[in-house]
Amino acid sequence: MGFITSAVIGGAAKRASEILDEERKEAISMTEDALKTWTQLGLPKAAQRRQARTADRKLAKSLEQDYGFNVEQIAVIMGQGKGEETRKFIDKQRSDHGQSYKVPYGDIVTISGTYEDTGLTIDQIIDNIHGKVNRGMSTSDAIKDVTGKEYTGGLTGLLGGDNSALMRQKMDAFGAAAGIDVNELRALASDDITYDDPLRKGTVSLYDASDDPLKVSFLNRFEKAATIGLGGKASIVDGEVVTEEMDNTRSAQAVKISAMANKKFKELQKDGAMSETEAYQETIKYIEQQTQKLRTGGLDTDTSNALAGLNESQLPGKIESLLKGETDGKKIISIQIAAKKALEEAYRKSGSRNPKQDAERAMENIRKRLED
(Lines give C-alpha, C1' and ligand atoms only; values in the text may rest on other atoms or scores of the structure.)
Protein backbone atom coordinates (compact mmCIF):
# COMPACT_ATOMS: atom_id res chain seq x y z
CA MET A 1 0.00 0.00 0.00
CA GLY A 2 2.83 2.32 0.84
CA PHE A 3 4.50 1.42 -2.44
CA ILE A 4 1.37 2.39 -4.37
CA THR A 5 1.12 5.70 -2.55
CA SER A 6 4.72 6.54 -3.36
CA ALA A 7 4.20 5.68 -6.99
CA VAL A 8 1.10 7.84 -7.22
CA ILE A 9 2.84 10.72 -5.54
CA GLY A 10 5.85 10.35 -7.81
CA GLY A 11 3.67 10.26 -10.90
CA ALA A 12 1.74 13.30 -9.80
CA ALA A 13 4.93 15.20 -9.13
CA LYS A 14 6.22 14.27 -12.57
CA ARG A 15 2.98 15.40 -14.19
CA ALA A 16 3.02 18.63 -12.21
CA SER A 17 6.53 19.29 -13.43
CA GLU A 18 5.42 18.68 -17.00
CA ILE A 19 2.49 21.07 -16.59
CA LEU A 20 4.75 23.76 -15.17
CA ASP A 21 7.09 23.29 -18.13
CA GLU A 22 4.17 23.45 -20.56
CA GLU A 23 2.90 26.64 -18.96
CA ARG A 24 6.37 28.13 -19.16
CA LYS A 25 6.58 27.22 -22.87
CA GLU A 26 3.08 28.63 -23.44
CA ALA A 27 4.08 31.92 -21.80
CA ILE A 28 7.19 32.14 -23.98
CA SER A 29 5.18 31.23 -27.10
CA MET A 30 2.56 33.89 -26.38
CA THR A 31 5.32 36.43 -25.84
CA GLU A 32 7.01 35.50 -29.12
CA ASP A 33 3.68 35.74 -30.98
CA ALA A 34 3.11 39.18 -29.53
CA LEU A 35 6.64 40.34 -30.37
CA LYS A 36 6.27 39.07 -33.92
CA THR A 37 3.01 41.00 -34.39
CA TRP A 38 4.40 44.15 -32.79
CA THR A 39 7.45 43.96 -35.03
CA GLN A 40 5.40 43.51 -38.20
CA LEU A 41 2.98 46.33 -37.37
CA GLY A 42 4.93 48.58 -35.07
CA LEU A 43 8.29 48.93 -36.79
CA PRO A 44 6.90 50.48 -40.01
CA LYS A 45 4.77 52.86 -37.94
CA ALA A 46 7.77 53.77 -35.79
CA ALA A 47 9.78 54.59 -38.92
CA GLN A 48 6.90 56.61 -40.36
CA ARG A 49 6.47 58.46 -37.06
CA ARG A 50 10.15 59.40 -36.90
CA GLN A 51 10.09 60.56 -40.52
CA ALA A 52 6.91 62.59 -40.01
CA ARG A 53 8.24 64.22 -36.82
CA THR A 54 11.48 65.16 -38.55
CA ALA A 55 9.62 66.62 -41.54
CA ASP A 56 7.17 68.56 -39.35
CA ARG A 57 9.96 69.95 -37.18
CA LYS A 58 11.83 71.08 -40.28
CA LEU A 59 8.63 72.67 -41.62
CA ALA A 60 7.92 74.45 -38.33
CA LYS A 61 11.49 75.81 -38.16
CA SER A 62 11.15 77.02 -41.75
CA LEU A 63 7.92 78.89 -40.90
CA GLU A 64 9.85 80.56 -38.08
CA GLN A 65 13.18 81.30 -39.78
CA ASP A 66 12.29 81.69 -43.46
CA TYR A 67 8.78 83.12 -43.23
CA GLY A 68 8.87 85.08 -39.97
CA PHE A 69 5.97 83.55 -38.02
CA ASN A 70 6.29 83.49 -34.24
CA VAL A 71 5.99 80.26 -32.27
CA GLU A 72 2.43 81.01 -31.09
CA GLN A 73 1.30 81.43 -34.70
CA ILE A 74 3.17 78.30 -35.74
CA ALA A 75 1.31 76.34 -33.05
CA VAL A 76 -1.99 77.31 -34.70
CA ILE A 77 -0.74 76.59 -38.23
CA MET A 78 0.81 73.21 -37.42
CA GLY A 79 -2.07 72.26 -35.12
CA GLN A 80 -4.41 72.57 -38.11
CA GLY A 81 -2.06 70.72 -40.45
CA LYS A 82 -1.62 73.77 -42.68
CA GLY A 83 2.15 74.21 -42.51
CA GLU A 84 2.96 73.28 -46.11
CA GLU A 85 -0.18 74.98 -47.40
CA THR A 86 0.88 78.20 -45.68
CA ARG A 87 4.37 78.06 -47.17
CA LYS A 88 3.00 77.49 -50.68
CA PHE A 89 0.54 80.37 -50.26
CA ILE A 90 3.26 82.83 -49.24
CA ASP A 91 5.62 81.58 -51.97
CA LYS A 92 2.88 82.23 -54.54
CA GLN A 93 2.25 85.74 -53.20
CA ARG A 94 5.97 86.50 -53.33
CA SER A 95 6.12 85.17 -56.88
CA ASP A 96 3.09 87.21 -57.97
CA HIS A 97 3.93 90.45 -56.17
CA GLY A 98 7.72 90.36 -55.88
CA GLN A 99 9.74 91.84 -53.05
CA SER A 100 7.02 94.39 -52.29
CA TYR A 101 4.88 91.63 -50.77
CA LYS A 102 4.81 91.81 -46.99
CA VAL A 103 3.55 88.74 -45.13
CA PRO A 104 0.27 89.75 -43.38
CA TYR A 105 0.85 87.61 -40.30
CA GLY A 106 -2.17 88.93 -38.42
CA ASP A 107 -4.47 88.25 -41.38
CA ILE A 108 -3.17 84.73 -41.98
CA VAL A 109 -3.26 83.60 -38.35
CA THR A 110 -5.91 84.70 -35.88
CA ILE A 111 -5.25 83.37 -32.36
CA SER A 112 -8.32 82.65 -30.25
CA GLY A 113 -8.64 84.43 -26.93
CA THR A 114 -6.25 87.00 -25.54
CA TYR A 115 -2.87 86.86 -27.22
CA GLU A 116 0.02 86.13 -24.92
CA ASP A 117 3.48 84.67 -25.25
CA THR A 118 3.14 81.28 -23.56
CA GLY A 119 6.80 80.36 -23.95
CA LEU A 120 6.05 77.48 -26.32
CA THR A 121 8.88 75.76 -28.15
CA ILE A 122 8.91 74.08 -31.56
CA ASP A 123 9.56 70.70 -29.90
CA GLN A 124 6.46 71.08 -27.71
CA ILE A 125 4.38 71.82 -30.79
CA ILE A 126 5.69 68.72 -32.59
CA ASP A 127 5.08 66.55 -29.51
CA ASN A 128 1.51 67.83 -29.31
CA ILE A 129 0.52 67.23 -32.91
CA HIS A 130 2.02 63.72 -32.99
CA GLY A 131 0.42 62.65 -29.73
CA LYS A 132 1.65 60.72 -26.71
CA VAL A 133 2.48 57.03 -27.10
CA ASN A 134 0.94 55.11 -24.18
CA ARG A 135 3.54 52.77 -22.69
CA GLY A 136 1.87 51.88 -19.39
CA MET A 137 0.06 48.61 -20.19
CA SER A 138 1.02 45.58 -18.09
CA THR A 139 2.88 42.69 -19.70
CA SER A 140 -0.03 40.23 -19.54
CA ASP A 141 -2.56 42.81 -20.77
CA ALA A 142 -0.27 43.84 -23.60
CA ILE A 143 0.12 40.24 -24.78
CA LYS A 144 -3.60 39.54 -24.45
CA ASP A 145 -4.29 42.72 -26.43
CA VAL A 146 -2.44 41.41 -29.48
CA THR A 147 -2.83 37.60 -29.23
CA GLY A 148 -6.35 37.45 -27.88
CA LYS A 149 -5.15 34.91 -25.32
CA GLU A 150 -5.22 35.45 -21.60
CA TYR A 151 -2.39 33.93 -19.62
CA THR A 152 -3.94 32.70 -16.38
CA GLY A 153 -0.88 31.13 -14.81
CA GLY A 154 -2.64 27.79 -14.22
CA LEU A 155 -0.78 25.47 -11.89
CA THR A 156 2.15 27.86 -11.80
CA GLY A 157 -0.08 30.44 -10.18
CA LEU A 158 -1.57 27.95 -7.74
CA LEU A 159 1.93 27.02 -6.58
CA GLY A 160 2.78 30.69 -6.00
CA GLY A 161 4.79 31.13 -9.18
CA ASP A 162 4.43 33.73 -11.95
CA ASN A 163 5.63 33.47 -15.54
CA SER A 164 4.93 37.18 -16.10
CA ALA A 165 8.49 37.93 -15.03
CA LEU A 166 9.72 35.44 -17.63
CA MET A 167 7.56 37.06 -20.29
CA ARG A 168 8.83 40.51 -19.33
CA GLN A 169 12.41 39.20 -19.42
CA LYS A 170 11.86 37.82 -22.92
CA MET A 171 10.44 41.17 -24.08
CA ASP A 172 13.29 43.17 -22.54
CA ALA A 173 15.90 40.89 -24.10
CA PHE A 174 14.28 41.36 -27.51
CA GLY A 175 14.15 45.13 -27.07
CA ALA A 176 17.79 45.30 -26.00
CA ALA A 177 18.90 43.19 -28.97
CA ALA A 178 16.83 45.18 -31.47
CA GLY A 179 17.60 48.55 -29.89
CA ILE A 180 13.93 49.53 -29.54
CA ASP A 181 11.46 50.27 -26.78
CA VAL A 182 9.09 47.27 -26.76
CA ASN A 183 6.40 49.22 -24.90
CA GLU A 184 6.44 51.92 -27.59
CA LEU A 185 6.45 49.26 -30.30
CA ARG A 186 3.38 47.66 -28.77
CA ALA A 187 1.57 51.00 -28.52
CA LEU A 188 2.35 51.94 -32.11
CA ALA A 189 1.26 48.53 -33.39
CA SER A 190 -2.15 48.97 -31.75
CA ASP A 191 -2.38 52.75 -32.38
CA ASP A 192 -2.48 53.35 -28.63
CA ILE A 193 -1.72 57.09 -28.89
CA THR A 194 -3.38 59.94 -27.00
CA TYR A 195 -3.87 63.29 -28.70
CA ASP A 196 -4.33 66.33 -26.46
CA ASP A 197 -6.07 69.57 -27.41
CA PRO A 198 -4.03 71.95 -29.62
CA LEU A 199 -1.60 74.10 -27.67
CA ARG A 200 -2.98 77.23 -29.32
CA LYS A 201 -6.38 77.55 -30.97
CA GLY A 202 -7.24 79.93 -33.77
CA THR A 203 -7.90 80.16 -37.48
CA VAL A 204 -5.62 80.07 -40.52
CA SER A 205 -6.88 82.10 -43.49
CA LEU A 206 -5.02 81.73 -46.78
CA TYR A 207 -6.89 83.96 -49.16
CA ASP A 208 -6.03 86.41 -51.91
CA ALA A 209 -8.92 88.29 -53.47
CA SER A 210 -7.23 88.10 -56.87
CA ASP A 211 -7.43 84.29 -56.72
CA ASP A 212 -11.23 84.36 -56.77
CA PRO A 213 -12.44 85.40 -60.24
CA LEU A 214 -16.01 84.37 -59.40
CA LYS A 215 -16.23 87.29 -56.97
CA VAL A 216 -15.04 90.01 -59.38
CA SER A 217 -18.58 91.35 -59.67
CA PHE A 218 -18.76 91.65 -55.89
CA LEU A 219 -15.32 93.27 -55.76
CA ASN A 220 -16.54 95.89 -58.24
CA ARG A 221 -19.67 96.52 -56.19
CA PHE A 222 -17.55 96.92 -53.08
CA GLU A 223 -15.20 99.35 -54.83
CA LYS A 224 -18.19 101.34 -56.07
CA ALA A 225 -19.62 101.48 -52.52
CA ALA A 226 -16.24 102.54 -51.12
CA THR A 227 -15.86 105.26 -53.77
CA ILE A 228 -19.29 106.69 -53.02
CA GLY A 229 -18.62 106.38 -49.29
CA LEU A 230 -15.47 108.47 -49.70
CA GLY A 231 -17.38 111.24 -51.47
CA GLY A 232 -16.76 110.36 -55.10
CA LYS A 233 -18.99 109.21 -57.93
CA ALA A 234 -18.77 105.72 -59.44
CA SER A 235 -20.42 103.48 -61.98
CA ILE A 236 -19.67 100.01 -63.36
CA VAL A 237 -19.08 99.97 -67.13
CA ASP A 238 -18.26 96.71 -68.93
CA GLY A 239 -17.24 95.07 -65.67
CA GLU A 240 -14.92 97.92 -64.61
CA VAL A 241 -15.42 100.59 -61.95
CA VAL A 242 -15.29 104.11 -63.39
CA THR A 243 -14.84 106.90 -60.81
CA GLU A 244 -15.35 110.63 -60.95
CA GLU A 245 -14.41 113.50 -58.64
CA MET A 246 -11.75 111.38 -56.88
CA ASP A 247 -8.09 112.28 -56.39
CA ASN A 248 -5.46 109.58 -56.64
CA THR A 249 -5.19 109.10 -52.89
CA ARG A 250 -8.91 108.55 -52.39
CA SER A 251 -9.10 106.23 -55.44
CA ALA A 252 -6.35 104.10 -53.96
CA GLN A 253 -8.13 104.06 -50.62
CA ALA A 254 -11.35 102.89 -52.27
CA VAL A 255 -9.52 100.02 -53.97
CA LYS A 256 -7.88 98.95 -50.71
CA ILE A 257 -11.14 99.07 -48.77
CA SER A 258 -12.85 96.99 -51.47
CA ALA A 259 -10.08 94.37 -51.29
CA MET A 260 -10.46 94.13 -47.50
CA ALA A 261 -14.24 94.00 -47.94
CA ASN A 262 -13.98 91.12 -50.43
CA LYS A 263 -11.86 89.20 -47.94
CA LYS A 264 -14.39 89.85 -45.18
CA PHE A 265 -17.22 88.83 -47.52
CA LYS A 266 -15.63 85.41 -48.04
CA GLU A 267 -14.83 84.94 -44.35
CA LEU A 268 -18.45 85.64 -43.40
CA GLN A 269 -19.55 82.74 -45.60
CA LYS A 270 -16.93 80.31 -44.30
CA ASP A 271 -18.33 76.89 -43.34
CA GLY A 272 -21.84 78.07 -44.22
CA ALA A 273 -21.97 80.66 -41.41
CA MET A 274 -23.89 83.13 -43.61
CA SER A 275 -25.69 83.06 -46.91
CA GLU A 276 -24.26 85.10 -49.78
CA THR A 277 -27.02 87.70 -49.37
CA GLU A 278 -26.45 88.07 -45.62
CA ALA A 279 -22.67 88.29 -46.10
CA TYR A 280 -23.12 90.95 -48.78
CA GLN A 281 -25.29 93.10 -46.50
CA GLU A 282 -22.79 92.82 -43.63
CA THR A 283 -19.92 93.68 -45.95
CA ILE A 284 -21.66 96.82 -47.20
CA LYS A 285 -22.07 97.88 -43.56
CA TYR A 286 -18.35 97.25 -43.03
CA ILE A 287 -17.52 99.48 -46.02
CA GLU A 288 -19.75 102.24 -44.67
CA GLN A 289 -17.95 102.07 -41.32
CA GLN A 290 -14.48 102.23 -42.90
CA THR A 291 -15.30 105.08 -45.28
CA GLN A 292 -16.96 107.03 -42.48
CA LYS A 293 -13.80 106.78 -40.39
CA LEU A 294 -11.71 108.05 -43.30
CA ARG A 295 -14.06 110.89 -44.16
CA THR A 296 -14.02 112.15 -40.58
CA GLY A 297 -10.25 111.77 -40.50
CA GLY A 298 -10.43 110.01 -37.15
CA LEU A 299 -8.74 106.75 -38.08
CA ASP A 300 -5.25 107.54 -36.82
CA THR A 301 -4.67 110.38 -34.37
CA ASP A 302 -1.29 108.89 -33.41
CA THR A 303 0.09 109.61 -36.89
CA SER A 304 -1.29 113.16 -36.82
CA ASN A 305 0.48 113.76 -33.52
CA ALA A 306 3.73 112.29 -34.85
CA LEU A 307 3.67 114.64 -37.86
CA ALA A 308 2.57 117.76 -36.00
CA GLY A 309 4.94 120.73 -36.26
CA LEU A 310 7.09 119.33 -39.12
CA ASN A 311 7.64 121.40 -42.27
CA GLU A 312 7.38 120.28 -45.92
CA SER A 313 11.04 119.20 -46.06
CA GLN A 314 10.89 117.20 -42.81
CA LEU A 315 7.56 115.44 -43.41
CA PRO A 316 8.47 113.06 -46.32
CA GLY A 317 11.18 111.27 -44.35
CA LYS A 318 8.95 110.91 -41.29
CA ILE A 319 5.98 109.68 -43.36
CA GLU A 320 8.18 107.17 -45.16
CA SER A 321 9.43 105.77 -41.85
CA LEU A 322 5.83 105.34 -40.60
CA LEU A 323 4.77 103.47 -43.75
CA LYS A 324 7.88 101.34 -44.16
CA GLY A 325 7.27 97.76 -43.11
CA GLU A 326 3.60 98.36 -42.25
CA THR A 327 1.40 95.45 -43.45
CA ASP A 328 -2.00 96.28 -41.97
CA GLY A 329 -4.17 97.68 -44.78
CA LYS A 330 -6.32 99.87 -42.54
CA LYS A 331 -3.25 101.30 -40.81
CA ILE A 332 -1.62 102.14 -44.15
CA ILE A 333 -4.72 104.00 -45.30
CA SER A 334 -5.01 105.95 -42.05
CA ILE A 335 -1.33 106.96 -42.15
CA GLN A 336 -1.71 108.20 -45.73
CA ILE A 337 -4.77 110.29 -44.82
CA ALA A 338 -3.03 111.94 -41.89
CA ALA A 339 0.15 112.39 -43.92
CA LYS A 340 -1.61 114.10 -46.81
CA LYS A 341 -3.35 116.50 -44.43
CA ALA A 342 -0.07 117.33 -42.71
CA LEU A 343 1.65 117.94 -46.07
CA GLU A 344 -1.14 120.19 -47.31
CA GLU A 345 -0.95 122.24 -44.12
CA ALA A 346 2.84 122.49 -44.34
CA TYR A 347 2.78 123.61 -47.99
CA ARG A 348 0.03 126.12 -47.19
CA LYS A 349 2.15 127.63 -44.43
CA SER A 350 5.16 127.81 -46.76
CA GLY A 351 3.16 129.91 -49.25
CA SER A 352 2.44 127.26 -51.89
CA ARG A 353 -0.03 128.30 -54.56
CA ASN A 354 -1.49 124.79 -54.77
CA PRO A 355 -0.80 122.99 -51.46
CA LYS A 356 -3.17 120.12 -52.34
CA GLN A 357 -1.35 119.33 -55.59
CA ASP A 358 2.06 119.63 -53.90
CA ALA A 359 0.92 117.25 -51.14
CA GLU A 360 -0.30 114.67 -53.67
CA ARG A 361 2.99 114.87 -55.57
CA ALA A 362 4.95 114.41 -52.34
CA MET A 363 2.84 111.37 -51.38
CA GLU A 364 3.34 109.84 -54.84
CA ASN A 365 7.13 110.24 -54.50
CA ILE A 366 7.02 108.58 -51.06
CA ARG A 367 5.08 105.61 -52.46
CA LYS A 368 7.55 105.19 -55.31
CA ARG A 369 10.51 105.17 -52.92
CA LEU A 370 8.81 102.51 -50.76
CA GLU A 371 8.15 100.31 -53.79
CA ASP A 372 11.81 100.45 -54.97
Side-chain angles (χ1 to χ4, degrees), residues 28-91 108-109 111-112 118-149 164 167-204 206:
I28 292 176
S29 175
M30 290 172 65
T31 305
E32 289 175 345
D33 287 345
L35 288 170
K36 182 178 180 180
T37 301
W38 293 338
T39 301
Q40 291 174 339
L41 299 178
L43 279 181
K45 291 181 180 180
Q48 292 169 5
R49 182 177 173 83
R50 284 194 298 271
Q51 185 176 8
R53 284 179 62 89
T54 299
D56 281 341
R57 191 178 191 284
K58 182 178 180 181
L59 176 57
K61 293 298 290 184
S62 177
L63 289 171
E64 180 184 37
Q65 297 173 357
D66 302 328
Y67 295 85
F69 289 95
N70 63 43
V71 178
E72 306 293 323
Q73 293 166 336
I74 293 170
V76 176
I77 295 171
M78 297 298 292
Q80 296 187 15
K82 293 185 177 180
E84 191 58 41
E85 188 179 351
T86 300
R87 285 208 308 183
K88 288 180 179 179
F89 172 79
I90 295 175
D91 288 345
I108 291 176
V109 182
I111 297 177
S112 299
T118 60
L120 282 177
T121 66
I122 295 295
D123 287 335
Q124 287 175 324
I125 294 171
I126 302 305
D127 287 343
N128 176 261
I129 63 177
H130 284 277
K132 180 174 62 179
V133 178
N134 299 316
R135 300 180 174 89
M137 188 176 288
S138 69
T139 302
S140 57
D141 286 344
I143 292 175
K144 177 185 175 182
D145 183 58
V146 70
T147 65
K149 299 177 182 178
S164 295
M167 298 161 84
R168 181 74 254 175
Q169 183 180 15
K170 181 76 174 177
M171 291 169 60
D172 290 342
F174 174 85
I180 57 176
D181 184 331
V182 176
N183 290 318
E184 181 174 352
L185 197 64
R186 188 277 313 163
L188 290 173
S190 57
D191 293 319
D192 188 7
I193 301 173
T194 299
Y195 294 93
D196 295 327
D197 290 338
L199 296 174
R200 290 294 275 177
K201 295 181 180 180
T203 58
V204 179
L206 304 174

Quiz prompt | Close side-chain approach of Val109 to Thr86, heavy-atom, < 4.5 Å | solution = no
I need the [X] [atom1] to [Y] [atom2] distance, nearest 0.5 Å.
X: Arg57; Y: Ile122; atom1: CZ; atom2: CD1; result: 7.5 Å
X: Leu59; Y: Ile74; atom1: CG; atom2: CD1; result: 9.0 Å
X: Arg53; Y: Asp127; atom1: CZ; atom2: CG; result: 4.5 Å

Quiz item: When you look at Asn70 and Gln73, which way does the side-chain contact (heavy atoms from CB on, under 4.5 Å) test go after all the steps?
Solution: CA-CA 5 Å; Asn70 63 43; Gln73 293 166 336; 3.2 Å; yes
Exercise: identify the closest heavy-atom pair between [X] and [Y]:
X: Asp91; Y: Tyr67; value: OD1-OH, 2.9 Å
X: Arg49; Y: Gly131; value: NH2-O, 2.9 Å
X: Ile126; Y: Ala60; value: CD1-CB, 4.4 Å
X: Asp197; Y: Asn128; value: O-ND2, 3.1 Å
X: Gln124; Y: Leu120; value: OE1-CA, 3.4 Å
X: His130; Y: Ala52; value: CE1-CB, 3.6 Å

Quiz item: Passes side-chain contact (heavy atoms from CB on, under 4.5 Å), Leu206 versus Ile108? Steps please.
Solution: CA-CA 6 Å; Leu206 304 174; Ile108 291 176; 3.7 Å; yes
Which atom pairs, donor and acceptor, lie under 3.5 Å between side-chain atoms of residues 77-85 and protein residues at least two apart or in another chain?
from: Gln80; atom 1: NE2; to: Gly202; atom 2: O; distance (Å): 2.5
from: Glu84; atom 1: OE1; to: Arg87; atom 2: NH2; distance (Å): 3.0

Quiz prompt | Main-chain N/O of Lys58 paired to Ser62 side chain as donor or acceptor, under 3.5 Å | solution = no
Quiz item: Crowded around Gln65 CD? As in, over 12 foreign heavy atoms under 6.0 Å?
Solution: yes
Quiz item: After noting the C-alpha distance and the side-chain angles of Asp66 and Lys61, does the key distance pass the salt bridge (Lys or Arg N to Asp or Glu O under 4.0 Å) rule?
Solution: CA-CA 8 Å; Asp66 302 328; Lys61 293 298 290 184; over 6 Å; no
